[in-house]
Amino acid sequence: MALAIVVAIIFLRSLKASATILITIPVTICLTLIVMYWIGYTLNIMTLGAIAASIGLIIDDAIVVVEQIHRTHEEHPGEPSTTIVQKGHSLFIACHGGSSMSTIVIFIPFEMMSGVAGAYFKVMTNTMIIILVCSFFVTWIFLPVVLFITDKAQKGTAKKKAEKSS
């Protein structure tokens, strides 16, 4: 996970965006663990492997949201944070939903497998589907709120610095 964050910092060139992604990963994993507990799954090699394999997909979902809101902010620099987050949110929801659904559809053939291999793969694919759905909801609901809060805090800090210098 640390390597993924370092790569995100290098490519996004923004500590704020990388920090929001860093927050998104554990929230998604915790939500996934809650859902897994609720449906009766335990942590084993297949579920842990699915969670580890999903980290990149969680980061991908988060980057799509962060980049869209950042792009909306660049296109409308004078607008308040709430408007920017709402505009960015409305623009990315269709592509974000389609991206998540297309990734989930990949796992449907594994659900149809039978035998011992099918039993192992069903647990893994169900875990992957759970984590992708959790990632979708965390990046759809939670991440814009985090970006709004950090943007508001950043503007408040800049305002205080401007008042001190004058």
Side-chain angles (χ1 to χ4, degrees), residues 1-39 41 43-76 81-82 84-113 120-151 153-154:
M1 189 164 88
L3 181 61
I5 295 303
V6 169
V7 171
I9 290 171
I10 291 169
F11 284 104
L12 292 177
R13 287 173 273 155
S14 170
L15 196 57
K16 177 184 149 189
S18 301
T20 55
I21 292 169
L22 179 65
I23 292 168
T24 303
I25 296 169
V27 170
T28 303
I29 292 173
C30 286
L31 184 60
T32 300
L33 293 174
I34 290 168
V35 172
M36 285 174 50
Y37 176 77
W38 183 63
I39 64 172
Y41 279 8
L43 290 177
N44 54 45
I45 196 72
M46 296 307 277
T47 57
L48 289 174
I51 291 170
S54 300
I55 297 295
L57 298 170
I58 295 169
I59 293 171
D60 182 49
D61 282 350
I63 287 174
V64 167
V65 174
V66 168
E67 284 298 312
Q68 180 60 46
I69 291 176
H70 181 70
R71 192 178 113 219
T72 306
H73 180 67
E74 287 179 345
E75 290 174 356
H76 309 283
S81 298
T82 53
I84 289 171
V85 170
Q86 287 174 347
K87 281 183 181 180
H89 193 268
S90 66
L91 290 172
F92 77 79
I93 191 65
C95 64
H96 187 209
S99 170
S100 295
M101 286 305 296
S102 65
T103 308
I104 289 171
V105 167
I106 292 169
F107 298 109
I108 291 175
F110 290 105
E111 289 290 323
M112 297 177 197
M113 290 178 69
Y120 284 124
F121 279 115
K122 279 183 186 173
V123 171
M124 188 177 110
T125 57
N126 286 341
T127 304
M128 290 285 284
I129 290 169
I130 290 167
I131 202 162
L132 287 169
V133 170
C134 290
S135 174
F136 174 78
F137 283 113
V138 167
T139 55
W140 180 46
I141 297 168
F142 177 74
L143 189 59
V145 173
V146 170
L147 287 170
F148 173 72
I149 290 170
T150 57
D151 191 45
Q154 186 179 19

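Looking at heavy atoms from C-beta onward, Leu43 lies in side-chain contact with Leu33 at the 4.5 angstrom threshold. Residues Ser99 and Val64 are not in side-chain contact: their nearest non-hydrogen atoms beyond the backbone lie 4.5 Å or more apart. Side-chain contact between Phe136 and His96 is present, with at least one heavy-atom pair separated by less than 4.5 Å. Put simply, the side chain of Val138 does not reach to within 4.5 Å of the side chain of Leu143, judged on heavy atoms.
Between the CD1 atom in Ile59 and the OG atom in Ser54 there is a gap of 11.0 Å [rounded to 0.5 Å]. Note that OG1 of Thr127 and CG of Leu132 are 11.0 Å apart. Values are rounded to the nearest 0.5 Å. The SG atom of Cys30 sits 12.0 Å away from the CD1 atom of Ile25 when rounded to the nearest 0.5 Å. For the atom pair NZ (Lys122) and CE (Met46), the distance works out to 13.0 Å, reported to the nearest 0.5 Å. Distance OG1/Thr103 to CG/Leu57: 6.0 Å, rounded to 0.5 Å.
The 12-atom threshold is not exceeded at CD1 of Ile45, counting heavy atoms of other residues, nucleotides or ligands nearer than 6.0 Å. Enclosure of atom CZ in Phe107 by more than 12 non-hydrogen atoms of other residues, nucleotides or ligands within 6.0 angstrom is indicated.
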message = For a side-chain contact (heavy atoms from CB on, under 4.5 Å) check, start with the C-alpha distance between Ile55 and Ile29, then their side-chain angles and the critical distance, and finish with the verdict.
response = CA-CA 9 Å; Ile55 297 295; Ile29 292 173; 3.5 Å; yes
Worked check of side-chain contact (heavy atoms from CB on, under 4.5 Å) between Met128 and Val123 = CA-CA 9 Å; Met128 290 285 284; Val123 171; over 6 Å; no
side-chain contact (heavy atoms from CB on, under 4.5 Å) evaluation trace for Asn126 with Glu111 = CA-CA 8 Å; Asn126 286 341; Glu111 289 290 323; 2.4 Å; yes
key: Full working for side-chain contact (heavy atoms from CB on, under 4.5 Å) between Thr125 and Met113   = CA-CA 11 Å; Thr125 57; Met113 290 178 69; over 6 Å; no
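Between Pro144 and Thr139, the closest heavy-atom pair is CD-O, 3.3 Å. The minimum heavy-atom distance linking Met124 with Ala50 is given by the pair O-CB, 3.6 Å. What you find for Ser135 and Ile58 is that their closest heavy atoms are OG-CA, 3.7 Å. Taking every heavy atom of both residues into account, Leu22 and Pro26 meet most closely at O-CD, 2.8 Å.
Residues Glu67 and Arg71 are not paired through a salt bridge, judged by the lack of any N-O separation under 4.0 Å between the basic side chain and the carboxylate.
Judged by distance alone, with hydrogens and angles left aside, the side-chain atoms of Thr32 form a donor-acceptor pair with the main-chain N or O of Thr28 at under 3.5 Å.
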